[in-house]
2 protein chains.
Amino acid sequence: MSFITEASEAIRESGGRLTSQRRLILELLQESEEHFDAEGLYHQAHERDASVSLATVYRTLNMLKEAGLIDQRYFSREHGREYYEPVAAHEHYHFTCQRCHKVIEFESRLVDQIRQELEAKLGVQMNHTCMCFEGICETCRHNPKNGEEID
Amino acid sequence: MSFITEASEAIRESGGRLTSQRRLILELLQESEEHFDAEGLYHQAHERDASVSLATVYRTLNMLKEAGLIDQRYFSREHGREYYEPVAAHEHYHFTCQRCHKVIEFESRLVDQIRQELEAKLGVQMNHTCMCFEGICETCRHNPKNGEEID
DNA sequence: GTATGTGCAAAACCTTTGCTATAAA
DNA sequence: TTTATAGCAAAGGTTTTGCACATAC
């Protein structure tokens with residue numbers, strides 16, 4: 001089932017309405033299948049339909065997050081801005097290059113094990129994990145040009 | 001070497017000045033040896049010296065962060081507010097209880113291994129790791145009273 | 001004396017919200 | 001027709017900054 005179909009059904013099931021703005025945003029999300037933030041999404045949407053507002057983008061993102069259709073992440077060290085991505089089949093994590101700002105996705109058995117270890121060791125119930133990794137990617141490590149001191 | 005001594009030297013070495021406001025803030029940090037945010041620190045400082053401003057607290061925290069004397073962390077899922085703590089001998093991580101808001105520190109060999117695994121697997125140079133864990137602590141799990149639906 | 005640091009208030013930033021008009025069902 | 005949603009602009013919450021004055025060195 002496509003993202004748009006799934007999201008449309010979720011909206012309808014909860015008594016929501018499939019407005020033209022929401023449809024446009026869903027299309028953009030499905031097309032991109034990448035990481036995006038509210039502002040980037042807003043710019044794309046606004047290009048196609050100048051009537052779309054930033055508030056609607058935020059409201060739609062929150063709605064999709066509540067519905068469990070997108071995940072909210074942080075990518076930069078400062079975490080000043082929220083990013084989103086479609087919910088993926090298996091958990092994965094992100095490494096952001098501080099120089100070229102490329103985001104590398106990866107999976108790790110170790111990361112997955114942490115939850116279990118903590119639940120066992122601390123006796124807690126883990127509901128949410130947030131991890132960001134930052135540094136210099138392989139390409140940039142081998143290209144010391146491109147200026148800018150990092151860390 | 002005490003935190004105050006170390007910080008004072010760092011300030012002087014970088015051509016900075018040990019103002020009364022900075023001295024007060026350093027004292028509070030050394031006393032607390034805990035997690036704190038800008039506002040909490042500001043309130044404490046302001047009690048002892050009503051002339052201390054929030055701006056100075058922020059500036060001092062940033063200075064100490066740059067100097068590598070305190071670490072900046074996030075404890076809540078939303079990351080709306082920055083927390084700080086003295087730089088510790090060994091890396092540790094934090095689990096925050098969503099019900100009682102207690103913060104549990106822990107160490108984990110697994111967490112530490114992730115860096116190495118990623119450096120090997122992705123060929124990156126890891127400069128910064130940010131992790132937050134949230135859920136329900138053991139105590140709260142066994143005390144289903146206290147209302148509030150969580151997640 | 002000279003630069004660095006301070007307080008204040010305003011700005012910056014991202015996100016949310018109140019209100020009225022609009023449009024989906 | 002009814003009620004959810006849109007747009008707008010204003011407010012929210014946290015952190016930063018410009019500026020003139022104060023102060024450590």
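Each chain gets a letter, A, B and so on, in the order its sequence line appears, and its residues count up from 1.
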Next on the checklist: Working note: B:Glu138 + A:Leu122, criterion side-chain contact (heavy atoms from CB on, under 4.5 Å); need CA distance, chi angles, decisive distance, verdict.
Outcome noted: CA-CA 7 Å; B:Glu138 187 159 34; A:Leu122 303 179; over 6 Å; no
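One distance of note links CZ of A:Arg59 with CE of A:Met63; it measures 11.5 Å at 0.5 Å rounding. Taking CD of B:Glu134 as the reference point, atom CZ of B:Arg99 lies at 13.5 Å (rounded to 0.5 Å). The line from CG of B:Leu24 to CG of B:Asp49 is 6.0 Å long, rounded to the nearest 0.5 Å. Within the model, atoms CD1 of B:Ile70 and CG of B:Leu61 stand 4.5 Å from one another, a figure rounded to the nearest 0.5 Å. In this structure, OG on A:Ser32 lies 10.5 Å from CD on A:Glu85, to the nearest 0.5 angstrom. To the nearest 0.5 Å, atom CZ of residue B:Arg48 and atom OG of residue B:Ser20 are 12.5 Å apart.
In the 5' to 3' direction, nucleotides of DNA chain D lying under 4.0 Å from heavy atoms of chain B begin and end at D:dT14 to D:dC25. With a cutoff of under 4.0 Å to any heavy atom of chain A, the contacted region of DNA chain C is bounded 5' to 3' by C:dC14 to C:dA25.
In terms of position on DNA chain D, the residue among B:Leu18 and A:Gln21 whose nearest nucleotide sits closer to the 5' end is A:Gln21. Annotation: of the two residues near DNA chain C, B:Arg17 and B:His46, the 5′-most nearest-nucleotide partner is B:Arg17.
Between A:His35 and A:Phe75, the distance from one ring center to the other falls under 6.0 angstrom. Ring centroid separation for the pair B:His92 and B:His94 comes in under the 6.0 Å cut-off. Aromatic ring centroids of A:Tyr42 and A:Tyr58 lie 6.0 Å or more apart.
Between A:Ser2 and A:Gln30, the closest heavy-atom pair is CB-OE1, 3.4 Å. Residues A:Phe106 and A:Phe95 approach most closely at CE2-N, 3.9 Å, considering heavy atoms.
Backbone-only engagement by B:Ser51 is indicated by non-hydrogen atom pairs under 4.0 Å involving sugar-phosphate atoms exclusively. Using a 4.0 Å heavy-atom distance criterion, A:Glu39 is classed as making no nucleic acid contact. As judged by a 4.0 angstrom heavy-atom cut-off over every strand, B:Arg81 is placed among residues touching the sugar-phosphate backbone only.
A heavy-atom distance below 4.0 Å to DNA chain D is reached by none of the residues of residues 64-72 of chain A. Using a 4.0 Å cutoff on non-hydrogen atoms, the parts of residues 53-62 of chain A near DNA chain D are A:Ser53, A:Ala55, A:Thr56, A:Arg59, ordered by number. Annotation: proximity of residues 2-15 of chain A to DNA chain D (heavy atom, distance under 4.0 Å) is found for A:Gly15, numbered in ascending order.
The existence of a salt bridge linking B:Arg81 and B:Glu39 is confirmed by a sub-4.0 Å separation between a basic side-chain nitrogen and an acidic carboxylate oxygen. Ion pairing between a basic and an acidic side chain is recognised when a charged N comes within 4.0 Å of a carboxylate O; B:Glu117 and A:Arg109 show no such pairing.
In the model, B:Tyr84 has a side-chain atom that pairs as donor or acceptor with a side-chain atom of B:Glu82 under 3.5 Å. Of the N and O atoms on the side chains of A:Thr5 and A:Ser8, not one donor lies less than 3.5 Å from an acceptor on the other residue. Looking at A:Thr60 and A:Gln21, their side chains never bring a donor and an acceptor atom within 3.5 Å of each other.
Note on the helix from C:dG1-D:dC25 to C:dA25-D:dT1: angle between the axes of the first and last five pairs equals 30°, rounded to 10 degrees.
In terms of modelled atom types and a separation under 3.5 Å, the side chain of A:His101 and the main chain of A:Cys97 share no donor-acceptor contact.
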